[in-house]
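Not measured: the values here are computed from a predicted model. As the structure lists them, so they are numbered: ligands from 1, and atoms in each ligand from 1.
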Amino acid sequence: MLQQILAEFNHSDTQLVAVSKTKSPEQILKIYNQGQRIFGENKVQELVTKYEHMPKDIDWHFIGHLQRNKVKYIASFVKLIHGVDSMNLLKEINKQAQKEKRVIDCLLQFHIAEEQSKFGLDLEEARTLLKSEEFKKFAHINIIGVMGMATFTKEHQQIKNEFQYLNHIFKTLRNEFFEEKSDFKEISMGMSGDYKIAIEEGSTMVRIGSLIFGKKV
Ligand SMILES: *Cc1c(COP(=O)(O)O)cnc(C)c1O
């Protein structure tokens, strides 16, 4: 299964983020040794510890909800922050990135699922954000795309619709705010249960955990 999944993405345009939250360094090294270099974590402390103890050529993505007061712990090394959904968070990322003399890649997170959630923007909120003078001054943030999670359901068509909607949001924002040659080209969608649908609907980045590591914690 593992070989198969890694091979599937070896020759694909879709990037595989191996979601290694709760997994031990030994478990991660096993996947690393098969060639995987992008790993995703959703807890700051866990990410920092793993970053410190693991090979330095790993690209670490932060995929969870990021609290403002914790940005400083990951700003020196994080490769991509998937779940950015507020001006305040952007402001803090910009500030910490500036301290590190870096530009940090970020994805705007959208709420596309039917489940209630405090997290994620809608299209109008994203427009307001991207239009604002404050945002335009952020020299240490590079918005490279969008991220979203579909409803946890077996309804194939519903998941498909939600991913289509995220793709629509992506295209709309790209047309309105980004030049054709900009870095704004990523759609992070798809997890173990729905990544095939996500790829059909234009995902450029899937975040897969249990299918790679197994369900056991
Ligand atoms: C845990 C997690 C994943 C991976 O989920 P699996 O179902 O184990 O593949 C993907 N994205 C986010 C944001 C997660 O928290």
Which residue holds the protein heavy atom closest to [atom], what is that atom called, and what is the gap in Å?
| atom | answer |
| --- | --- |
| atom 15 (O) of ligand 1 | K21 NZ, 2.8 Å |
| atom 6 (P) of ligand 1 | S192 OG, 3.4 Å |
| atom 8 (O) of ligand 1 | S210 N, 2.8 Å |
| atom 5 (O) of ligand 1 | M191 CE, 3.6 Å |
| atom 11 (N) of ligand 1 | R207 NE, 2.9 Å |
| atom 13 (C) of ligand 1 | I63 O, 3.4 Å |

### Task
Output every pair passing side-chain hydrogen bond (donor to acceptor under 3.5 Å, both in side chains) with a member in residues 35-48, not counting sequence neighbours, ordered by first then second residue.
S20-E41, R37-D57, E41-K50, Q45-T49, E46-K50
### Test: E200 and K160 ion pair at under 4.0 Å
yes
### Query
Does K56 make a cation-pi contact with Y51, if we ask for NZ or CZ under 6.0 Å from the ring centre and within 45° of the axis?
yes
### Flag side-chain contact, heavy atom, 4.5 Å: Y195 against L211
yes
### Task
Could you walk me through whether E92 and Q96 pass the side chain to side chain donor-acceptor pair (under 3.5 Å) test, one step at a time?
CA-CA 6 Å; E92 180 63 16; Q96 298 300 334; 2.8 Å; yes
### Task
May I ask you to check whether F170 and F184 place their ring centers less than 6.0 Å from one another?
yes
### Query
For the atom pair CD (Q158) and OG1 (T151), what is the distance rounded to the nearest 0.5 Å?
4.5 Å
### Task
Check each atom of ligand 1 against the heavy atoms of G209 and keep those under 4.0 Å away; list them by number with element.
4 (C), 6 (P), 8 (O), 9 (O)
### Message
Quick check on contacts: which atoms of ligand 1 are under 4.0 angstrom from a heavy atom of I208?
### Response
9 (O)
### Query
Is L211 in contact with ligand 1, taking contact as a heavy-atom separation below 4.0 Å?
no
